[in-house]
Structures are given as C-alpha cells and as structure tokens.
Amino acid sequence: MLRYDASTIEPKWVERWEAEGLYRASEDPGDPRPRFYALDMFSYPSGDLHMGHAEAFSGGDTVARFAAMRGHNVLHPIGWDAFGLPAENAAIRRGLHPKAWTYDNIEQQARSFRRMGMSFDWSRRLHTCDPEYYRWTQWLFLKLFERGLAYRKNSPVNWCPNDATVLANEQVIAGACERCGTVVERRDLTQWFFKITDYAQRLLDDMDELVDYPDRVITMQRNWIGRSEGATVRFTIEETGDEVEIFTTRPDTLWGVTFFVFAVEHPLVRRLAEAGGSWDRVQPLLERVRATPLTAREEADTKEGVALDVHAVNPVNGETIPCYVAPYVLMEYGTGAIMAVPAHDQRDLDFARQHGLPVRVVITPEGQERSGEELTEAWDHEGVMVDSGPFDGERSPESIAKVAAWLQEEGRGRASVTYRLRDWLISRQRYWGAPIPIVHCPEHGEVAVPEDQLPVVLPDDVDFTPGGESPLARHPSWKHTTCPTCGQAAIRDTDTMDTFVDSSWYYFRYCSPGDEERAFDPEDVARWMPVSQYTGGVEHAILHLLYSRFFTKVLYDMGLVSFTEPFPRLMNQGQVIYGGASMSKSKGNIVEPMPLVERWGADTMRLMMLFAGPFEDDIDWKLIAGDPDKRPGVTSWLGRVFTAVGEAAERDAADPDDLRRLTHRTIKGVTDDMERFRFNTAISKLQILTNGMRAALDAGAGAREAASAVALMLAPLAPFAAEELWREVLGNAESVHVSAWPAFDEVLAREERVTMVVQVDGKVRDRVEVDADASDQACRELALASEKAVRAIDGRQIAQVVVRAPRLVNVVTSR
RNA sequence: GCGAGAGUGGCGGAACGGCAGACGCGCCGGACUUAGGAUCCGGUGCCCGAAAGGGCGUGGGGGUUCGACUCCCCCCUCUCGCACCA
C-alpha cells in the first residue's frame, strides 16, 4: 500500500524543481502563452516567516500555479522590503548592525520559502536595501523633485525628548514613546514631502479601473482621500483689513454665521491677537497646544478656545462677528479657519454654548419655526432657508450649488473642493533607509545629486543609535561634499526616505531585474504589467496601495508606462489570529509555521490555511489547529489520496460511469472555485472525489481517470504531493506543474438522476429520484402520486402546484 | 459619532430565492492491533418517540414570495476602518 510521507517527498522535489528551473518566467518573445503577473506583497524581514506570510503566500502561490496550468506564462517574483524602523530597532535591541540583522533574516526567510515550495522565479529576487535597488529609489526621488512633486516644508512631528529622536505616529503609544515610555512632545522640523495631493482627484477617478477589489479597500481609500464639495468664502477682519478664506460644505448656512474660529497654528493668529490686545490670553493656549503630542491632539477635549477680540465681516450680509482661536479647528484641513454656524453644526453649537455666543437658525424643517436659543442639537438635515437674504424659501441642500454660484458672481467666494488627503511626509531622521539624494549648498540651496553619481551610498560605519539628530549627520565625513552646481563645499541631506517609498515601485523592478541602466525597461514593463493578481494583507489597504497608485500615475505622466493603475485586481487574505486576538510576543500566543512544515509538511501547512475557510476571512489558529502532535485532518486526507491513487495506478479496469461523472463534475466545480479563489470549497470537492474513488476501488473497479484528475487539481494546492503522485505514481514524465489543467466533458459533468423534493405547503414531505431532464408534467405527476405527499395533503383542496423541474415540486393547499 | 463587513451544529465552515448544516475537525460506537499520536467502517443539529414518524431550528422582530440563511425595513451583538475633516 502506498503511504504518504511528506518528509521524504518534499525535500526531494524542492531540489528537483530548482534544478529544472521550473518556475522561471519566459522572456522569449515568441512564447505564445498569455502573460500572467502573480504578485505577492513582498516580505518584511523582521525574523523568520510567520503565520501571516504562510497564509498569504499559500494563496498567492496557488493563484500562480493555477494560472500556469491554465496555459499562462507566469511571472511570480519574490523580494524583501528590507529598509525601515522595525529592522533597525530590532537590530539595536540585539546589539547588531541593521545590515547584518536584515540580511540574516532575508536568508532565513528565503530558506523557509523554498522549503514551503513556493513557485518563485528566484532569478528576479530583490532587496530594497541593496544599493543596486535603492539607487533607483533615489532616481525616482529626483524625478519627483524635477517635477516639483518633492518639496521641503516645516512640519510638526512627534519628538521623544529622552531618545532625542523623531517618532512615527505608529511609534507613539497613548502619547508616549513606545521604546522608553517618555511623554512625546511636538516639534517643528523641515521635512521632505511628496505632493500626492496633486493627484487626489485622479486617485479617486481611476478607482473605476480597479475591477476586482475588496469593497472595503475601495471605501477606505475613498474615505482617506476624503473629497468634500462646498465653497471657499472670503471674510475680512474688521480691525486689520486682513482677508481670510474659509472652506465650508454648507454655504447655504452663511447667513447663520455668528462667530469665526482660527486654528492655533494659523499664521494670522499672533497678529490678530496683538491687534485685539488678547495676546496675553492667547499665548498660553498656543503654547499648551504646541506641547501636546500630535496623536493626543485628536483626543483633546471639547470646546476650549480664546477670544481674539477682533471681528470678521461676513461677506454675504456685512455682519460683524467675533473671532476666536480654538484647538478644535485643524490647520491641516481646509484653510485652517472656519465660519461657525452653531445652529447647524454640533461642534459650533457646543462651542457657542460654552462661550455664550448667539445661535441663529437659517434652515428649518418645512413649515416650522425654530428658535436658536432653545436649540440643544444642531439641525443638519434638509429644510428650507430662512433669514437668508436673497435665498429665503430655497430648499436645502439643493440650494448649496446656487449659493456657491452666487458667491462667485458676487466675487465673495467660489465653489470649491477640499480633500482630507495630505502630502506624504517621507523624511526619516533614522539610519536604516535610502539616503535622500540632495545636497544643500549655501549658494544654490537644494541641489539634486546628478544621476550618474547615484547611488548615494548608505555608509556602514555609523553610530546608528538614535540620539539627537540624524545618524548620518553624526558621521564624521559622510555629509561633507561639494555642490554639483558650483563645486563649493556643501552638505548632503542626512535624512533617509520612508520605507513606503521603497515599496511603491518594487513591482516595476521585478520586470527588469538587474538592469544597470535604469530602474526598469519600459518594454519589459509593457510586456508584464499591469499586475494580473495582487495578493496581500488588508493592512496595506491605504498607504502602500495609495502610494503605489500615485507612483504609477507619476510614471505615466513621465511617459514611462502606458497604464495608470498598477494592480487592477487585489485579493486580501485574512489574518491568522489566536484565541480571538492577534498573535504577539507580549501575549505569548505566537505559533510559527516552520515547525508545522517540518513536522507534517508544507502541503499540510498550505492545505490547513486554504481549507480553513474563505481566503479573505481571518483564521483563528486555536480553533483549527488541534493537537500539534496529532496528524492533522488534511494530512490524513493526503494519505487517503495516496492509497487511492496508488491502487488506481495498479489497476487496469476502466473508471465506472458514476465515478467518471463525479470526476467531470468535480473538475467543473473546482475550476470554478479556483477562478474565484474559493480554495476551501475546491478542497472539499476534491475530498468528495477521493471518497468516490475509494468506493469505486472497494467495489473492484478502476479509477485511473479520477486519479489523474486528482493529481492535477491538487497541484496548485498541495504541490509536493501532487508532483509525487503525477510523476512517481502515475508515471508521467513532465512535472505536474507544467501540465495542463484538466478539462471536463459537459455531458458527463451534467447529472443524470437527481433527487426531486416534494413539498406540501412549503414543507419537505418526500424525496423522489427522477431523470435530470424530467418534464414539468412528469415531475408534477410523480409528486402528486407520492404517498407521503398525499398523506400530508390530507384531503385538502389543491390550490396551486409550483413545479421547478427536476429539483422541486411544491403543492399548495387551500385552507 | 461616521463608514464598511459579519452573526448558521460542540468547532472551522457549505448552501444560482428551492433538500439548511456539504466537506472537515471533534465526539460516540465498532474493526484491525502488543500499542496508536496509524488505518478502516458506521453514527452524530435540537426535542418527543422503541421504531415508524412528528415537531423545532440559520442573532431578535416585521415584510415580500407558493417558498427566505439568501431579498427589503427596524432592532441587538461582534469585528474592522476613520475619527473635532468645517
């Protein structure tokens, strides 16, 4: 009897596949096969592979293998997103150099990927921390700089006074530094930004091209970009004559404005406070807010604010209203100043009540009077405009566009659009990243490093522990250079780029691995891209995907690529959790995939992941794993597949008809499931076919056709077992992974006899075997002849008989 | 607060508006075994019943339909995302 033993099968095929170059994408221009670019979100080398990798790459690899068997020339590359803070911090904790730590992890992960049997084209392997790679990251920075899409400005950041370093928002936990627990401060630093806001509208519009995306990713991106339509209106400060613009989505409430509020960072605040004589009251507020960490700002309490003691003139009615400065108005959104309409905005109402400001109702529910003084909740629903000059009686919200048009005519404002999206801050005052290829010249300012001097190499001999300024700035010689323009002494930019810059273009590089002349060859990219199927975690639903979409549009504008969306199809795997919570070291609930692979095999690991449920759903390992020393269910199944295929291979008899029908029905169903990434139901159908083979073999019949079909369909899911069966047991010469996906015979796939359900008044009373092509009339007669149905009808009159041949007859009685 | 998604046996999960619980795990019983963490066979939603059979069942309540896990409305719970966005 043929026994299944992963430990002898799997290492053997890892080596043979490698020797045969089985997964190398073909660059032969004469290759007639359609291309298929199967892309997995590349790995971050923070240690060995974890369960999340195991699941995501199991799915991605299944997609790639299925595409290959369906006749595609598949590009399935792998690489490492290897720069960045997590690696740097982990290395510092261990007293290692980030480079050594990172490359060690990459090697470890690469070994694990091989052991798992991933069908990668290893010849395209890349690491974003290689100078050969980040040279082109720097080149892309320069291209953005040339186009005015990379610029420097002063911006507030989170600052840990103990570690003396800037922290990313994600590193601030409850207002404190994640490493030392010190309360984080706010500092203003000059930083590099990418002008992604220029592309806000295109990033929205082009979502139409994302043909197969999870809805929630679309929604999250849409919300993140946060487009709001409304109007920009110009108010004048009475005391100083300054003109101040505000953005509002509700220009129809302009006649209800009773005060005006500035954000604390608004550039006019100090001047106005001095003009109004309120500076001694305003200054403490500004200082307090400045000292508050950015992350805590958002939770800051309600309606504090200070009167500036100056006034704004409402351009629609000439009214004079008091001005305030308050933290609830954000400098980052709109213009950093707002018109306040307490009757129709809850925040404004809260503020008005706190500060004793008037409330004026200008939109009322149809036919109702409302007094502002009695209002407890702002009215933000539709209604009719009142006390609104020329617009009295107009219906809101339809009137919004009319008011905006009128503002424009009158020269007091204009219809406008505002986005929540902000420019992408890419500066990091940390060591482990691609240096920003800019030289600061005392005479010429920010000067691009000439392309032929790239890469600006990250030096190894750096004290990279955080401590006051960029580690690169502390290097004794690195930053000293000459200005490319004038040759005078100049200083390199000592910041490095956000890791997300590295990962925003790696999928282009895969198309032209090792190209020393350019980031990628447009012809290679034209041949392979856009990506056919992108697979990865939903945690990248916003940043990585948005940045990649942005980069692609910039490259399109540069004429280097002919498409504007890099990933029209995206598949998100769920997370692997444990006991309802994410796995983490502090919870002590981490389960690693490699021990499972060593013990039961990579095929078992893959099948456990894919059979656990729909690919996009979370997997709670605690619920599906069972005893780690006991043979998992999917392993037992592979064992049954082996014995059945082994017996079938030795038997001469033909497959019996009912097994043949089951085989073809299974091919049809599994093909459909695979196309829709329904791996769990595909596996279930293969298990049913396995059971069918067992029954046929036990009855003394053959099962060779079924055996071949099983081996082929198993190939994308359990590649080692499938290969062993295909080549060693069934005696095929070619690898199962370059064999054609099985075809099915429509006639055989159709069922011959089906179970017809007989219902009486909607309740199942009998089941009758009928021919699959039975007529309505025949089904009706059979149903009415059913003894059980007759008993259930119990002599009542039949009001209606619903027939859905051949599956169902429902006899409705009158009562 | 706003937005999105999800609630089905002991568990993971199946079900073009038409047999609810496929497939698997677990469990129960049996076979083979020195052994079982191996393998094979049978059973397994809940309740009543010896059985035949009957009743109840997809978070709760309404609705549409001959027929609803599926479609519509309201509510509850959970998960995720955003969160003073003017």
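So you know, we letter chains A, B, ... as the sequences are listed, proteins then strands, and number each from 1.
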**OP:** With sequence neighbours excluded, tell me which residues meet salt bridge (Lys or Arg N to Asp or Glu O under 4.0 Å) with Arg288(A).
**Re:**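 Testing Arg288(A) for salt bridge (Lys or Arg N to Asp or Glu O under 4.0 Å), a comparison that skips the adjacent residues, returns Glu304(A).
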Nearest-Å distance once atom [atom1] is located in both [N] and [M]:
{"N": "rC40(B)", "M": "rG36(B)", "atom1": "C1'", "answer": "14 Å"}
{"N": "rC11(B)", "M": "rG7(B)", "atom1": "P", "answer": "15 Å"}
{"N": "rG54(B)", "M": "rA4(B)", "atom1": "P", "answer": "45 Å"}
{"N": "rG5(B)", "M": "rC85(B)", "atom1": "P", "answer": "23 Å"}
{"N": "rC74(B)", "M": "rG26(B)", "atom1": "P", "answer": "44 Å"}
{"N": "rA14(B)", "M": "rC19(B)", "atom1": "C1'", "answer": "14 Å"}
{"N": "rG9(B)", "M": "rC46(B)", "atom1": "P", "answer": "12 Å"}
{"N": "rU65(B)", "M": "rG13(B)", "atom1": "C1'", "answer": "29 Å"}

Could you go over nucleotides 24-33 of chain B and give all protein N or O partners under 3.5 Å, atom names and distances?
| residue | atom | partner | partner atom | Å |
| --- | --- | --- | --- | --- |
| rG24(B) | OP1 | Asn691(A) | ND2 | 3.3 |
| rG26(B) | OP1 | Lys630(A) | NZ | 2.5 |

A quick test of your reading: do over 12 heavy atoms of other residues, nucleotides or ligands sit less than 6.0 Å from [atom1] of [X]?
{"X": "Lys668(A)", "atom1": "NZ", "result": "no"}
{"X": "Asp215(A)", "atom1": "CG", "result": "no"}
{"X": "Glu769(A)", "atom1": "CD", "result": "yes"}

Could you check which of [options] has an atom nearest any side-chain atom of [X]?
{"X": "Tyr328(A)", "options": "rC84(B), rG53(B), rA15(B)", "value": "rC84(B)"}
{"X": "Thr219(A)", "options": "rG3(B), rC84(B), rA83(B)", "value": "rG3(B)"}
{"X": "Ala612(A)", "options": "rG12(B), rC84(B), rG55(B)", "value": "rG12(B)"}
{"X": "Asn810(A)", "options": "rG18(B), rG3(B), rC85(B)", "value": "rG18(B)"}
{"X": "Arg422(A)", "options": "rC85(B), rA86(B), rC82(B)", "value": "rC85(B)"}
{"X": "Val812(A)", "options": "rA83(B), rC66(B), rA14(B)", "value": "rC66(B)"}
{"X": "Thr248(A)", "options": "rA86(B), rG18(B), rA14(B)", "value": "rA86(B)"}
{"X": "Thr681(A)", "options": "rA14(B), rA4(B), rG18(B)", "value": "rA14(B)"}
{"X": "Met220(A)", "options": "rG13(B), rG37(B), rG81(B)", "value": "rG81(B)"}
{"X": "Val764(A)", "options": "rA14(B), rA20(B), rA4(B)", "value": "rA20(B)"}

[X] side chain near [N] phosphate (N/O to OP1/OP2, under 4.0 Å):
{"X": "Lys763(A)", "N": "rG57(B)", "value": "no"}
{"X": "Arg678(A)", "N": "rA15(B)", "value": "yes"}
{"X": "Asn680(A)", "N": "rA14(B)", "value": "yes"}

Contact class for [X] (heavy atom, under 4.0 Å): base, sugar-phosphate, or nothing?
{"X": "Gln759(A)", "result": "base"}
{"X": "Val802(A)", "result": "base"}
{"X": "Lys622(A)", "result": "nothing"}

Original post:
Using 4.0 Å as the upper bound for N to carboxylate O, is an ion pair formed by Asp672(A) and Arg678(A)?
Top reply: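 No, no charged N to carboxylate O under 4.0 Å.
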Subject >> Salt bridge flag under 4.0 Å for residues Asp345(A) and Arg250(A) >> reply: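 Result for this pair is no, no salt bridge flagged.
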Mate of [N] where both pairing distances stay under 3.5 Å, Watson-Crick or G-U:
{"N": "rG42(B)", "result": "rC28(B)"}
{"N": "rU70(B)", "result": "none"}
{"N": "rG7(B)", "result": "rC76(B)"}
{"N": "rG12(B)", "result": "rC23(B)"}
{"N": "rG1(B)", "result": "rC82(B)"}

**OP:** Find which nucleotide of RNA chain B each of Val757(A) and Arg676(A) is nearest to by heavy atoms, and output the residue with the more 5' nucleotide.
**Re:**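 Nearest nucleotide further toward 5': that of Arg676(A).
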**OP:** Could you pick out which residue, Lys685(A) or Arg3(A), lies toward the 5' side of RNA chain B when each is mapped onto its nearest nucleotide?
**Re:**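 Counting from the 5' end, the first nearest nucleotide belongs to Lys685(A).
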Original post:
Does Arg804(A) make a side-chain donor-acceptor contact with the base of rG18(B), cut-off 3.5 Å?
Top reply: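 Pair found.
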Original post:
Asp350(A) pairs by side-chain hydrogen bond (donor to acceptor under 3.5 Å, both in side chains) with which of Gln346(A), Arg353(A), Arg347(A)?
Top reply: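 In the set Gln346(A), Arg353(A), Arg347(A), the residue that makes a side-chain hydrogen bond (donor to acceptor under 3.5 Å, both in side chains) with Asp350(A) is Gln346(A).
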**OP:** Measure the acute angle between the ring planes of Phe615(A) and Phe679(A), then classify it against the limits of 30° and 60° as parallel, tilted or perpendicular.
**Re:**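 The rings of Phe615(A) and Phe679(A) stand perpendicular, inter-plane angle above 60°.
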**OP:** Just say parallel, tilted or perpendicular for the rings of Tyr547(A) and Trp424(A), cut-offs at 30° and 60°.
**Re:**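 Plane angle under 30°, so parallel.
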Original post:
When the distance from CD1 of Ile683(A) to C1' of rG12(B) is rounded to whole Å, what number comes out?
Top reply: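 For the pair Ile683(A) CD1 and rG12(B) C1', the rounded distance is 13 Å.
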Subject >> Minimum side-chain heavy-atom gap Met693(A)-Glu647(A) below 4.5 Å >> reply: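 They are not in side-chain contact.
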